[in-house]
> 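A single structure is presented below for examination.
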Amino acid sequence: MPELPEVETVRRGIEPLIVDQVIERVICRVPKLRWALDPDLNERLSGQKIQSVGRRAKYLLVRLEEGFLIIHLGMSGILSVVDAEMRPVKHDHVDIVLSNGYCLRLNDTRRFGAVLYSDGDVNKNPLLLLLGPEPLSHDFNVSYLEQRAKNCKSPVKNFLMNQKVVVGVGNIYASEVLFRCGIHPEKPINEIPRTQLGKLVVEIKTVLQEAIDQGGTTIKDFQNAEGKPGYFKQQLRVYGRDGEPCVSCYNEIRKIKLGGRSTFYCLECQK
DNA sequence: CTCTACCCCTGTCTGC
DNA sequence: TGCAGACAGGGGTAGA
């Protein structure tokens with residue numbers, strides 16, 4: 001479900017509602033999500049005051065007095081802050097119960113998400129250690145991309161979705177970025193000239209920022225902390241539009257598989 | 001080292 | 001109406 005803009009939208013939604021609250025207890029209703037849930041999670045978190053809610057890539061980082069809570073939403077995760085007395089529904093797997101009577105609740109149909117405790121330096125956690133730069137930071141620039149692209153011949157779309165290259169770009173935004181750049185998704189990354197790489201950098205930043213500004217993209221079931229959808233779907237130019245006319249040249253949008261993922265592009269505009 | 005195929009899981013939609 | 005199969009916004013891992 002969520003790529004960077006959706007995770008950032010969730011972060012902004014929950015942070016003001018849970019910061020400065022003390023965790024009373026943790027309720028886990030399934031033994032595992034992506035990984036087995038830490039049986040000591042309740043013990044580790046109880047009594048701790050929430051300091052801040054950050055984000056690295058598609059991971060939410062809840063800073064505690066001692067350590068961090070790392071939350072990933074996988075494909076179908078929904079985080080919301082609800083009355084702790086509200087009866088859990090199907091797939092409500094984890095509750096972080098707060099002292100003010102509310103709780104941070106994770107619903108995750110497919111259970112590809114994760115809730116992990118990390119002590120010490122969260123950036124040294126194996127999940128975060130090898131991640132590429134944040135796309136909206138200055139570290140993500142054309143010189144960096146050129147360096148990474150040099151000896152790599154994978155299709156540009158796979159390259160952009162590789163979280164070791166740059167984080168946060170998922171299946172929807174990868175197709176959208178490539179359309180805006182006029183680059184065919186199967187083009188080997190090492191054959192793309194520097195000027196085009198520069199365009200990729202700019203469009204990645206632009207698309208992700210625009211999507212954040214619109215509260216993310218809701219295709220099917222993404223919702224923010226208040227249960228509302230994102231509005232960037234209206235701005236999608238190729239994703240999910242196979243068979244429809246290109247917004248620019250009116251030729252048909254095509255759908256192919258790349259790395260097992262659906263990929264959308266305009267045969268005419270993207271070479 | 002890089003890159004693909006497969007796997008985790010449930011729900012929904014399509015075609016027979 | 002039932003059923004099998006494909007597919008869905010992510011990403012770790014085994015093996016080539």
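In what follows, every chain begins at residue 1, and chains take the letters A, B, ... in the order their sequences are listed.
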> Measuring from the side chain of Y59(A) (C-beta onward, heavy atoms only), which nucleotide among dA8(C), dG12(C), dG10(C) has the closest atom?
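Within the option list, the nearest is dG12(C).
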> Scan every strand shown for a Watson-Crick or G-U wobble partner of dC3(C), both distances under 3.5 Å, and answer none if you come up empty.
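Its partner is dG15(B).
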> Among dG12(C), dG11(C), dG9(C), which is the nearest nucleotide to the side chain of L127(A)?
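Among dG12(C), dG11(C), dG9(C), the one nearest the side chain of L127(A) is dG12(C).
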> Quote, to the nearest angstrom, the C1' distance that separates dC3(B) from dG9(C).
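So the two C1' atoms sit 23 Å from each other.
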> Write down the distance between CG (L73(A)) and P (dG10(C)), rounded to a whole number of angstrom.
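Value for this atom pair: 11 Å.
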> Does the side chain of K233(A) come within less than 4.5 Å of I219(A)'s, by heavy atoms?
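Sidechains of K233(A) and I219(A): in contact.
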> Going by purine N1 to pyrimidine N3 plus the second Watson-Crick contact, or the G-U wobble pair, all under 3.5 Å, which nucleotide sits opposite dG10(C)?
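Base-paired to dC8(B).
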> Give a yes or no on whether the backbone of Q196(A) and the side-chain of R194(A) come within a donor-acceptor separation of less than 3.5 Å.
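No, because the side chain of R194(A) does not come within donor-acceptor range (under 3.5 Å) of the backbone of Q196(A).
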> In this structure, how many angstroms lie between the P atom of dG10(C) and the CG atom of L4(A), rounded?
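After rounding, the reported distance stands at 11 Å.
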> Over how many whole Å does the gap from D108(A) atom CG to dG9(C) atom P extend?
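It works out to 15 Å between those atoms.
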> Roughly how many Å is it from CG in L130(A) to P in dG12(C), rounded to a whole number?
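Rounded to the whole Å, the gap is 10 Å.
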> With a cut-off of less than 4.0 Å, is there a side-chain N or O of K257(A) near OP1 or OP2 of dA8(C)?
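Yes.
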> For the NZ atom of K90(A) and the CZ atom of R29(A), what is their distance to the nearest 0.5 Å?
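K90(A) NZ to R29(A) CZ: 15.0 Å, rounded to 0.5 Å.
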> At under 4.0 Å between heavy atoms, how does the protein contact nucleotides 4-11 of chain B? Give one character per nucleotide, 5' to 3', with B, S or -.
S---BBBS
> Could you state the CG-C1' distance from N162(A) to dC3(B), rounded to the nearest angstrom?
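My rounded result for the distance is 10 Å.
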> Atom NZ of K255(A) and atom C1' of dG9(C): how far apart are they, to the nearest Å?
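Taking NZ of K255(A) and C1' of dG9(C), I get 13 Å after rounding.
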> Y173(A) vs F232(A) aromatic rings, parallel, tilted or perpendicular, using cut-offs 30° and 60°?
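Rings of Y173(A) and F232(A): tilted, 30 to 60°.
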> Any side-chain to backbone donor/acceptor pair from D83(A) onto E85(A)? Under 3.5 Å, distance only.
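Confirmed, D83(A) side chain pairs with E85(A) backbone.
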> Once you round it to whole Å, what is the distance between C1' of dG12(C) and CG of L128(A)?
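Rounded to whole Å, this separation is 14 Å.
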> Does I172(A) offer a backbone N or O that forms a donor-acceptor pair with the side chain of S175(A) under 3.5 Å?
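Answer holds: no.
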> Give me the distance, rounded to whole Å, that separates dG5(C) from dC7(B) when you measure between the P atoms they each carry.
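After rounding to an integer number of Å, I get 15 Å for this pair.
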> Applying a 4.0 Å non-hydrogen cut-off, can you work out what K233(A) is touching in the nucleic acid: base, sugar-phosphate, or nothing?
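Since no nucleic acid heavy atom lies under 4.0 Å of K233(A), the category is nothing.
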> State, yes or no, whether a side-chain contact exists between Q270(A) and F179(A) at a heavy-atom distance under 4.5 Å.
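In short, these two side chains touch, coming nearer than 4.5 Å.
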> Whether H72(A) contacts dG11(C) is assessed here as follows: a side-chain N or O lying under 4.0 Å from the phosphate OP1 or OP2. Is that the case?
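Result: yes.
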> Please report, rounded to the nearest Å, how far the C1' atom of dC1(B) is from the CZ atom of R148(A).
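In whole Å, dC1(B) C1' and R148(A) CZ are 12 Å from each other.
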